[in-house]
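To find a chain, count down the sequence lines: A is the first, B the second, and so on, and within it residues start at 1.
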Amino acid sequence: MPRSIAQGAPGVTGIRSTALVALIIASAVVALVGASASLHAAGGKQVRYVGIHPVPKAEGSGICYIEGPHVHIFDADKLQYRDHRGASYFVGDPVAYGYDGPRYAYKGHHPIHVSAVIGDAEPDDEYCYLNGPHYHYFAPVEGPEFQLAGDAYFYVGEPPRVYVDARPAMMKINAVYQPLVYERPVITVDAPSGWIGARAEFAAPVVVVEPPRAAAVIAAPSVSVHAVVPAPSLHIGVGIGIGVGAGVVVHERPPAVIVRERPVIIEQRVRVKHGRGGRH
Amino acid sequence: MRGVRRRWPVRSLVLSAGLVVALAGCSKAGDGDKPAASPRDAVLEAWKSAKLTPSPLVPATVAFAKDCQSGTVEGIEVLLCSFPSPDEAKAAEDPGLTWVGAATGASQAHGRVLVAVADRKKADPSGRTINRLLKLAPN
């Protein structure tokens, strides 16, 4: 008579039962911890916010459209929010969470002048680390640091040290947005000269492959690209970042030089080393 | 005597007319005895003008202000406190959050009025009504 998996082998049944009980207890503990955390979040601790922002799923999801300072009893995460004088300010893409108000398309990283957005007198420059096309509910402050091309804003200014220093940690925001399915802006124009996304020193870290034929495979939600760059006698690293509607790619590898291909939004980053590692 | 008798009525008429004018002026000024719209009333009027329907406000006792009234608008609790000066209203913003408590809400000074709102019944999950209440309140 065939033995079912649940029955197990003689002598093993007890062990499996014990394991099952342990698993159930562990699950219950996890559930209780989760519930406890949720209750704690809803237990009266006020969290200050300023500006519109997403509402966590546990709190009903969607968007909170309160533009001024306000409070909720749920926390803000560290990747999508920045502190603005004690209040959490959302720097992500609200459209990803169902925002249906006016929107402005951006491509790549850029500063956000928070005081200009929310209309207070507290100077505060934060940075958006979303790769590729995305939306915000505000247009940038007029000035030379942004250029509008194809109805999208490109940051062409000189990012400060604070942007560079925070980038490794804050780039992880792209992993948050990668699985989100929503209508991202479609930007087909060439980026203007000086765009931060085309500058080698600010290129996202990418794959590095040894010569003579350097290759990089990029994992996107539905796109995989294999690039081959012949580079005899040189040490070359190649990376390709593709901004395709369904998602964003985050690479955690050494930086490289960008070579752009048209018209598809593709970034190739090539690092060339001579002798003691000089970069070109 | 006739002349005198004629002059007196003229003088009386002039004086009377002056008195009437003066009294009329006083009477006109007296219309102002009806209290002018308070800053709190201005907030309520702004809400009503935007087709929001505040319930009748009732006196409310809070620790951070002496002249407060509370009610509801579209299911959201509101507290309107009048202060002698805008600075005092501004200083009451943080204490006003204690009134909000464990709910989505806000506490903002608009001129001499502190406007606090609390969505205790989760009547406004998107915050759109709260946003309107706060933006409509005049400064």
Please look at Ala103(B) and chain A and tell me whether the side chain, the backbone, both or neither of the residue comes under 4.5 angstrom of a heavy atom of that chain.
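Backbone only.
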Where on Leu134(B) is there a heavy atom nearer than 4.5 Å to chain A: the side chain, the backbone, both, or neither?
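Contact with chain A involves the side chain of Leu134(B) alone.
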Should the pair Lys172(A)-Asp77(A) be classified as a salt bridge under the 4.0 Å nitrogen-to-oxygen rule?
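Not counted as a salt bridge, because no side-chain N and carboxylate O are separated by less than 4.0 Å.
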Is a salt bridge present between Arg40(B) and Asp67(B), judged by a nitrogen-to-oxygen distance below 4.0 Å?
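Judged by the 4.0 Å cut-off on N to carboxylate O distance, Arg40(B) and Asp67(B) do form a salt bridge.
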Do you know which of Gly127(B), Ala106(B), Gly105(B) has the most heavy-atom pairs with chain A at a distance under 4.5 angstrom?
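Max contact count across the listed options: Gly105(B).
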Could you tell me which portion of Ile66(A) (side chain, backbone, both or neither) has an atom closer than 4.5 angstrom to a non-hydrogen atom of chain B?
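Both parts, heavy atoms under 4.5 Å.
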Do you know which of Tyr106(A), Tyr104(A), Phe90(A) makes ring pair (Phe, Tyr, Trp, His ring centres under 6.0 Å) with His136(A)?
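Going through Tyr106(A), Tyr104(A), Phe90(A) one by one, the ring pair (Phe, Tyr, Trp, His ring centres under 6.0 Å) with His136(A) is satisfied by Tyr106(A) alone.
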Ring centroids only, cut at 6.0 angstrom: are Tyr99(A) and Tyr65(A) within range, meaning strictly under it?
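Yes, the ring centres sit under 6.0 Å apart.
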